[in-house]
Amino acid sequence: MKFLMPFCLVIAIAQSAVSQTAANKKSHYVFPEFINGTVKLKSGIKHEALLNYNTILESMVISPKGAPMVTLSDLENVEAVYINDRKFIPSGNIFYEVVANEKLPYFIHYTCKAVAPGEAIGYGATSQLTNTSASVVKELARFYYMKLPENYTITPISNIIVVKDDKYINLNNYKKVAAVFPGKEDLIKSFVKENKTDFNNAEDVKKLLQVVQ
């Protein structure tokens, strides 16, 4: 617990977050449960803790035993976070996973889509509102710290980001992939059509990259 103060961690009240995460098939966390990992500071100091990544708040969350959950802040002093042999690095106020064991190294940006409960609009129909804006996320976060409402639907989103000509390119559609691999437009289009590639699923895009490289 002593290492929490240097991080200037923001204490967030949470109720049964670990069991709740494991119970959700489509979780708002990257991992199905909090896992023992390592926070490495730029000073070289390392700290072990139970960690997970919250894709709604886009924050690294620590679950200290016998204490309220906290979110890791003061990220300018953090070099990397390691969970299950996976490496996450801070970028501004969020984290990217680093995937270096590929022909073309890349990052993965994890978020999610939170859909509010359906509301009756007449004739037995319902409508659903998709929470994507920053203001909606902040509004959700006020009670999300305590417990994610059971009537919200979570859709995980994971985007692959590559670096080309010193520019970070989010491969979230066909055109951006084609721009990174000029001359392979037909191959990309054919693969995407045949495999119904979901550009918001990093595993789908990874398979595409393995074909075009």
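Formation of a donor-acceptor pair under 3.5 Å by the Lys189 side chain with backbone atoms of Lys184 is not found in this model. Here the side chain of Asn201 pairs a donor or acceptor atom with the backbone of Glu203 at under 3.5 angstrom. Although no hydrogens or angles enter the test, the distance criterion places no donor-acceptor pair under 3.5 Å between the side chain of Ser190 and the main chain of Ile188. A donor-acceptor pair under 3.5 Å is formed between the side chain of Asn173 and the backbone N or O of Lys175. Between the side chain of Lys46 and the main chain of Thr38, no donor-acceptor pair closer than 3.5 Å is present. The closest donor-acceptor contact from the side chain of Ser59 to the backbone of Thr71 lies at 3.5 Å or more, if one exists at all. Formation of a donor-acceptor pair under 3.5 Å by the Asn52 side chain with backbone atoms of Phe31 is found in this model. For Asn195 (side chain) and Thr197 (main-chain N/O), no donor-acceptor pair under 3.5 Å exists by modelled atom type.
Hydrophobic clustering, with ILVMFWY side chains joined whenever heavy atoms are under 4.5 angstrom apart, groups Ile89 together with Val78. Note on Ile157: it does not cluster hydrophobically with Phe88, by side-chain heavy-atom contacts below 4.5 Å among ILVMFWY residues. Residues Tyr82 and Tyr106 are members of separate hydrophobic clusters, defined by side-chain heavy-atom contacts under 4.5 angstrom among Ile, Leu, Val, Met, Phe, Trp and Tyr.
Counting heavy atoms from C-beta on, the side chains of Ile56 and Ile154 come closer than 4.5 Å. With contacts defined as side-chain heavy-atom distances shorter than 4.5 Å, the pair Ile108/Val98 does not qualify. Side-chain contact check for Ile169 versus Val180: some heavy-atom pair is nearer than 4.5 Å. Contact annotation: the side chain of Phe34 approaches that of Val61 to within less than 4.5 Å [non-hydrogen atoms, C-beta and beyond]. Residues Lys103 and Gln210 fail the side-chain proximity criterion, which asks for heavy atoms closer than 4.5 Å. Residues Tyr110 and Tyr96 fail the side-chain proximity criterion, which asks for heavy atoms closer than 4.5 Å. Residues Arg86 and Val30 have side chains in contact (heavy-atom distance under 4.5 Å, counting atoms from C-beta outward). Residues Ile83 and Met60 form a side-chain contact, since some pair of their non-hydrogen atoms from C-beta on lies under 4.5 Å apart.
When all heavy atoms of Ser27 and Pro156 are compared, the pair lying nearest together is O-CG, 4.3 Å.
One distance of note links CG of Leu51 with CG of Asn36; it measures 7.5 Å at 0.5 Å rounding. The OG atom of Ser91 lies 8.0 Å from the CD1 atom of Ile161; values are rounded to the nearest 0.5 Å. Asn93 CG to Leu72 CG: the interatomic distance, rounded to the nearest 0.5 Å, is 11.5 Å. Here the CG atom belonging to Asn172 is positioned 11.0 Å from the CG atom belonging to Asp198, to the nearest 0.5 angstrom. Distance check, rounded to the nearest 0.5 Å: CD of Glu33 to OG of Ser63 gives 11.0 Å. A distance of 6.5 Å separates CD1 in Ile160 from CG in Leu171, rounded to the nearest 0.5 Å.
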For this session: Please step through side chain to side chain donor-acceptor pair (under 3.5 Å) for the pair Glu97 and His109, ending with a clear verdict.
Result: CA-CA 7 Å; Glu97 181 179 2; His109 178 209; over 6 Å; no

Exercise. Run the side chain to side chain contact (heavy atoms under 4.5 Å, CB included) check on Leu50 and Ile35 step by step: do they pass?
Worked result: CA-CA 5 Å; Leu50 288 173; Ile35 300 172; 5.9 Å; no

Exercise. Please walk me through it: do Lys206 and Val99 pass side chain to side chain contact (heavy atoms under 4.5 Å, CB included)?
Worked result: CA-CA 11 Å; Lys206 179 180 177 180; Val99 181; 5.9 Å; no

For this session: Evaluate the side chain to side chain contact (heavy atoms under 4.5 Å, CB included) criterion for residues Val177 and Phe191: first the C-alpha distance (whole Å), next the side-chain angles of each, then the deciding distance (0.1 Å), finally the verdict.
Result: CA-CA 12 Å; Val177 177; Phe191 183 91; over 6 Å; no

Exercise. Do Phe199 and Tyr174 pass the ring pair (Phe, Tyr, Trp, His ring centres under 6.0 Å) test, and can you show the C-alpha distance, the side-chain angles, and the key distance before you say yes or no?
Worked result: CA-CA 8 Å; Phe199 287 95; Tyr174 159 78; 7.7 Å; no

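A salt bridge is defined here as a Lys NZ or Arg NE, NH1 or NH2 lying under 4.0 Å from an Asp or Glu carboxylate O, and Glu79 with Lys40 meets this definition. Salt bridge absent: Glu76 and Lys42 never bring a charged side-chain N and a carboxylate O closer than 4.0 Å.
When only modelled atom types and interatomic distance are considered, Asn200 and Asn159 share a side-chain donor-acceptor pair under 3.5 Å.
Taking the six-membered ring where tryptophan is involved, the planes of Tyr53 and Phe95 are perpendicular, since the angle between them exceeds 60° and thus also 30°.
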